[in-house]
Amino acid sequence: MPMAPGSLQFDLKDRSVLITGANRGLGAALCKTILQYSPKIIHAGYRTAPGDFEDPLINWCQLDIQDEASVAAVAASIDTLDVLINNAGILMPTAADPVKERANLEAMMDMHLHSPLRLIDALVPTLQVSNQPMIVNMISMAAFASVPGCEGYCISKAALHAATQGLRLKHPDIHCGGVYPGPTATDMTAGSTAPLADAMESAAAILSGLCERKTAIFPDEAALAVESLVGAGVATLEQQFTTLLSD
Ligand SMILES: NC(=O)c1ccc[n+]([C@@H]2O[C@H](COP(=O)([O-])OP(=O)(O)OC[C@H]3O[C@@H](n4cnc5c(N)ncnc54)[C@H](OP(=O)(O)O)[C@@H]3O)[C@@H](O)[C@H]2O)c1
């Protein structure tokens, strides 16, 4: 359940939110959970088909983040925006054939790095009109160490992690945060034997972290274990590097 309004540093009430890949998985869980905060509107992006849930506050919009025309059309259609959640993602397992593996890596770099950055560039002017603009990138705890069988995915998420730090430098007027989930029960992990977090529980934790304006959100048990190993160190380094080349 949402936190009491008085304790929020950021209140989603009456906010305009865009979520990519909102039709299923963590994106759908985020959509449904944000509704509990009484937003102004949720622009719920879908690539292939809208989700199987409806609400007067949900505006389903076709958005293939890898398609420039689709990104431009959605950016042009949104008048006000407070929160952009770059959630859409894809996991292509490591391929034995190096040519196929390089193609997969290219596809995931496009999906997790170039396309979110293009969408951000298109929406920054609209976000900057908000009194508390926010960009939230769905990264992964696998950004911090490679996982066998999905090395390319980890590379692309590490790139998005670095890009999120870069966005904080580039757009100091916009709160830019990263979410680092562990394995979560969605289509992406179908067939996995790993313990899986519940998507709705993770969505609740993500939104609590967002309202606390955290720059790094670790929304489940596996992610919290990663945070205890690297969280403080990564945050300290990021701070130290801001003056690395200025002396
Ligand atoms: N599940 C996990 O264990 C886990 C862990 C860490 C991080 N994450 C990250 O969390 C995010 C959500 O993952 P999930 O588990 O919810 O995945 P999912 O269930 O596989 O859903 C992926 C979503 O991304 C959308 N999508 C794919 N390509 C797109 C494109 N070009 N343009 C727009 N939307 C596109 C899909 O739309 P369609 O329905 O049209 O395909 C779908 O809505 C991803 O970034 C993922 O990497 C997931």
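We number each residue from 1, following the sequence as shown. When a ligand or atom number is given, it counts from 1 through the structure's own listing order. These values consider heavy atoms only, across backbone and side chains, with no hydrogens, waters or symmetry-generated copies.
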*Tell me the residues surrounding ligand 1, counting only those with a heavy atom closer than 4.0 angstrom, sorted by chain and number.*
G21, N23, R24, G25, L26, R47, T48, L63, D64, I65, Q66, N87, A88, G89, M111, M138, I139, S140, Y153, K157, P181, G182, P183, T184, T186, D187, M188, T189

*Residues sharing L169's hydrophobic cluster, by side-chain heavy-atom contacts under 4.5 Å among ILVMFWY, directly or via others?*
none

*asked:* I need the minimum non-hydrogen distance between G182 and M141, along with the two atoms involved.
replied: CA-SD, 3.5 Å

_Which residues pass the salt bridge (Lys or Arg N to Asp or Glu O under 4.0 Å) test with D55, not counting sequence neighbours?_
none

*Are the aromatic rings of H161 and Y180 close, with centres under 6.0 Å apart?*
yes

_If you apply the rule side-chain hydrogen bond (donor to acceptor under 3.5 Å, both in side chains), what do you find for S130 with D82, and how did you get there?_
CA-CA 5 Å; S130 167; D82 301 291; 2.7 Å; yes

*Using links of under 4.5 Å between side-chain heavy atoms of ILVMFWY residues, direct or through other members, which residues join L196 in one cluster?*
none

